Amino acid sequence: MSTTVELTRFKVAQDRTEAMLAARPGMLADFRADREGFLGARLVRLPGGEWLDVVEWRSADNFAASRRKGANLPGIAAFFATIAELVSAEEGVLADAER
């Protein structure tokens, strides 16, 4: 099975950046506790006030199950609440893990 990668680009209001970064550990803890197949995540600061969340899942099915749950736990909800705008969301397969 191939590792699925979730790529979510979003914007946070400048005055909410610290709140978003403070909420991040709680979101990750909730994902580890509640999301089967969650492998890890990296948050990238991009130019123009945008952020890229790179999340790895054991499978596409694990990612789909996570999406259905949404912001079901407080740490996840707190992080999502800081997002002002969803710019894009994509799903792919980690190519170098297949070799």
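What you are looking at is a predicted structure, and each value in this text was computed from that prediction instead of being measured.
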Inset, instruction - Under the side-chain contact (heavy atoms from CB on, under 4.5 Å) rule, what do Asp34 and Asn72 come out as? Steps first, then yes or no, please. - result: CA-CA 9 Å; Asp34 185 59; Asn72 65 324; 2.9 Å; yes
Inset, instruction - Take Arg58 and Leu39 through the test side-chain contact (heavy atoms from CB on, under 4.5 Å) and record every step on the way to the result. - result: CA-CA 6 Å; Arg58 188 168 289 114; Leu39 299 175; 3.6 Å; yes
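Proximity of Arg45 to Leu52: side-chain heavy atoms (C-beta onward) are nowhere separated by under 4.5 Å. Taking the side chain as every heavy atom from C-beta outward, Asn62 and Thr4 never approach each other to under 4.5 Å. Counting heavy atoms from C-beta outward, Ser88 and Thr8 have side chains that stay 4.5 Å or more apart.
In terms of heavy atoms, Glu91 sits closest to Ala60 at OE2-CB, 3.6 Å. Of all heavy-atom pairs spanning Ala84 and Ala13, the tightest one is CB-N, 4.0 Å.
Checked against side-chain hydrogen bond (donor to acceptor under 3.5 Å, both in side chains), Thr82 has no partners two or more places apart in sequence or in another chain. When the side-chain hydrogen bond (donor to acceptor under 3.5 Å, both in side chains) test is applied to Asp53, the partners found at least two apart in sequence or on another chain are Arg24. By the side-chain contact (heavy atoms from CB on, under 4.5 Å) test, Glu85 is found to be paired with Lys11, Val87, residues two or more places apart in sequence or in another chain being considered. Every residue meeting the side-chain hydrogen bond (donor to acceptor under 3.5 Å, both in side chains) condition with Glu50, not counting sequence neighbours, appears here in chain and number order: Arg9. Residues satisfying the side-chain hydrogen bond (donor to acceptor under 3.5 Å, both in side chains) criterion with Arg67, sequence neighbours excluded, are absent altogether.
Put simply, OG on Ser66 and CD on Glu36 are 11.0 Å apart, with the number rounded to the nearest 0.5 Å.
Cluster annotation: Val5 is connected to Leu46 through the hydrophobic network of ILVMFWY side chains, with a link wherever side-chain heavy atoms come within less than 4.5 Å.
Through chains of ILVMFWY side-chain contacts below 4.5 Å, Val12 is grouped with Phe10, Met20, Leu21, Met27, Leu28, Phe31, Phe38, Leu43, Trp51, Val55, Trp57, Phe63, Leu73, Ile76, Phe79, Phe80, Ile83.
Proximity of a side-chain donor or acceptor of Lys69 to a complementary backbone N or O of Ala64 within less than 3.5 Å is not detected.
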